[in-house]
Amino acid sequence: MALAFDEFGRPFIILREQEKKTRLRGLDAQKANIAAGKAVARILRTSLGPKGMDKMLQSPDGDVTITNDGATILDQMDVDNQIAKLMVELSRSQDYEIGDGTTGVVVMAGALLEQAEKLLERGIHPIRVAEGYEMASRVAFDHLERISQKFEFSADNIEPLVQTCMTTLSSKIVHRCKRALAEIAVKAVLAVADLDRKDVNLDLIKVEGKVGGKLEDTELIYGIVVDKDMSHPQMPKRIEDAKIAILTCPFEPPKPKTKHKVDIDTVEKFQTLREQEQKYFDEMVQKCKDVGATVVICQWGFDDKANHLLMHRNLPAVRWVGGVELELIAIATGGRIVPRFQELSPEKLGKAGLVREKSFGTTKDRMLYIEQCANSRAVTIFIRGGNKMMIEETKRSLHDALCVARNLIRNNSIVYGGGSAEISCSIAVETAADRHPGVEQYAIRSFADALDAVPLALAENSGLPPIDTLTAVKAQQVKDSNPHCGIDCNDVGTNDMKEQNVFETLIGKQQQILLATQVVKMILKIDDVISPSEY
Amino acid sequence: MERMLKDDAREEKGELARMASFVGAMAISDLVKTTLGPKGMDKILQSTGRGRNVTVTNDGATILKSLHIDNAAAKVLVDISKVQDDEVGDGTTSVVVLAGELLREAEKLINMKIHPMTIIAGYRMALECARDTLLQKTMDNKENTDKFRTDLMNIAMTTLSSKILSQDKEYFAELAVDAVLRLKGSTNLESIQILKKPGGSLKDSFLDEGFILDKKIGIGQPKRIENAKILVANTAMDTDKVKIYGARVRVDSMSKVADIEAAEKQKMREKVQKIIAHGINCFVNRQLIYNFPEELFADAGILAIEHADFEGIERLALVTGGEIASTFDNPESVKLGHCKVIEEIMIGEDRLIHFSGVAMGQACTIVLRGASEHVLDEAERSLHDALCVLSQTVNDTRVLFGGGWPEMVMAKEVDELARKTPGKKSHAIDAFSRALQAIPTIIADNAGLDSAELISQLRAEHHKENCTAGIDVITGTVGDMQKLGIQESFKVKQAILLSATEAAEMILRVDEIITCAPRRREDRM
């Protein structure tokens, strides 16, 4: 097909080296793409919900990750197929934008693709399907807006926020102490939140993990934790009312940037140079001392001599602190990062109520705590756990919880979870479909069916009969016109999600539907896949 | 169907994935199972590196650390054993065995078509119950110093009894307890130095209250100093470099070379003079001391020790209370270290420097003697375990009986709970109690005893109130743990329980394993 002939009957080549390429066209291309998208969704399907299972992933280097966070699974799966990569992107963008619901969005997209396949078999043009989906997603979007509720909380009453974070955490392995972790997450977000502007800068929350101890030992520190120790073993381990000099210049002999050399040819020169050097070290330390610093935090290393001088002058110092951490320390303590000793001045020093070194376990692990900072808006969540995987998983779970809390502060509209929002949307879309003339009606109706996929998967993962449960809940929603009925995953006994306190943010849900629809539209529009064949 | 993953990647789903992880985890647990208990056997590990070094050990963490494992679930178990080693130092085998047993029981339940999540829920309830039971049954002798010491002795002996040191366990327990009590509650094991010297027998090991540095005294310098004032330093005593970048010596005649050399010498002499001006009679440096300065020190009657390693320096500074100095311009403010006597001593063939009567009473050195390197290495590991456990116990003074007693007590309560719980979860709770009972079973099996008989006797015994019965491996009967003085630290037991359950839960939750294509190494021609 890709071969064309000119007026003399000679073939000319449109695609270079086309014999070496595989090519899929038309319906075959769409079907292959849909199959790939569905395969990805199928992997994630069992991880949905509070009773979702985990996946064990072994990286190319042999490291093991155990998680049920959709974005992480897809990230580490190292997929090869282009369409599968699109799905990975999809979950990643949900992660960036909202931070939660990364599994749900992929399951949703998978269901939409599955429905689309049926429509294509009936001979409906892919563009019409895409348009129908677009209309349906708008209906669902508006409907979500309508059933959403305002979520009341204030800085004094954090209980509702904690409840929300607990919903997010309940599907993770940290389930066991979700209450404690949820509280930590909410307190951390509130500490850095600007409630008037409704803005939260998550960069100010540092999540640090250290292997060992119990998950229950996880704590929130109003300050910064740095995985470093004092440069000299005999420096004081505890400094109160610290004034911190934050330096990016090394305590080392000066290195002229220009490329010339210093030549020594007489004894006098040798001696003056030596004196200079000695004075130089002295001056460096003296300058820090003069401006009144009581702790020095430096990005670079120290010379032995300088190290001793610092110790000697009773100036505790920390070396090799990373750039990001240095910035955080500067923000937290209200200090300025100083690139040269000459520019040190008292007002550039950061202030902290307490700087201390803490050691852990039987090995020589030490961490530096900087607490009671001048600007308390930087906090650290310090995670302890049985092993590295546990900590990594806790980090990911906490990240989700933090994002949920942030989203609620930004926009306090919520919808109820447990699949209730999807079921309610499905009913709304279904009715909208009947009013719509044209081929799109089929697509819209399929969209409604696809929306049922999430509650179906939820019910299935919880060990309930999926179709029975879903139809029962749907009937109940229509009968009582109560959009809060969902799947009772935890066997609590009621399926009113309002009573169970299971909810998600409105923007999170809306985003899920929009993103899933967009990606599906994109996949449907592809009718030709040209790829270089393997060899 | 379209292939979604890369060529070499593998994907295992559902039952298959679960099988793979169970098999892997159980293989690991079976591997270390035989090392459990006082009559556990050792393993020989041969490294693949150059020299094919051989290690003989029965320390779970050491065995697992040296294995190359491909199974993902097995890696989880290796990981928890490592963490156990870092956190409490002992129980590294038990934690893996318990996790393995929990999974073995879980597999049976899954074959009965019970959902993994239900099993997890049951395990969680059982864990809660077991932990509460342990908490209630702890004994605390914090107030009574003598009794607490006996506790510590008992714990040390219990820990050591499963190791190579079991022959002389009383002796070593005494050593370890003495060493830990000197720390006065800190868990910083750095101030306990363990020195290994081949030769002699294990019995010849001893605890020294001072500090021993494995170095020689410079030639022509005094071999014994009383009331020593020590300057601990980290400074270049070879040729002092000019550190300003790009400086170099460029001269045009021989005489100038001589001049500069003289200046350098002069500089070194000044430096030595400055050091001597501190009023010291012992100088310990981390870096080399060249002949010239060494000679100067000898002239001044100062003992100079060169090239002490970094840890040695830090520890020495810690013990003698001096600071590690690198500049010598203000002698009046540098803190010097003190000790009563420095002398050269002989251990076996080697001469070592012994600092006694040091300022800080916390430090001490344990000198281990033994027939071969392997014996010494294993002895060091065993002693390290004992020291870790003891230092943790000093902080958390609660203790329990050993010999399978805590497992039986927990199993009893968990059984009780299973009976009260309605629903499928009760199967899982039951399974938890069986897994707990597997530990004493394995201990008995390893000792070549009739485990079925013993465990049933033990269980009957435990039905009585306030029972203190456990397995007495030596006589092969059920014995009174209180009388036998077999005790374990509560903290270790709790850590075993928690991390084993956590690991089992983690593996149970997995329903799919995706192994990425291994990273290709560049072919080197």
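Lettering of chains follows the sequences in order, A, B, ..., and the numbering in each one begins at 1. Scope of the values below: all heavy atoms of this structure, side chains included, with no hydrogens, waters or symmetry mates. Since we're looking at a predicted model, the values are computed, not measured.
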Side chain, backbone, both or neither of B:Ala503 within contact of chain A (heavy atoms, under 4.5 Å): neither
Interface moiety of B:Ile69 toward chain A, non-hydrogen atoms closer than 4.5 Å: neither
Donor-acceptor pair between A:Thr46 and B:Asp511 side chains, under 3.5 angstrom: yes
Distance, nearest 0.5 Å, that separates CD1 of B:Ile514 from CD1 of A:Ile73: 7.0 Å
B:Glu12: salt bridge (Lys or Arg N to Asp or Glu O under 4.0 Å) partners, not counting sequence neighbours: none
Residues which pass salt bridge (Lys or Arg N to Asp or Glu O under 4.0 Å) with A:Glu357, listed by chain and number, not counting sequence neighbours: A:Lys237, A:Arg366
Part of A:Gln82 lying under 4.5 Å from any heavy atom of chain B: neither
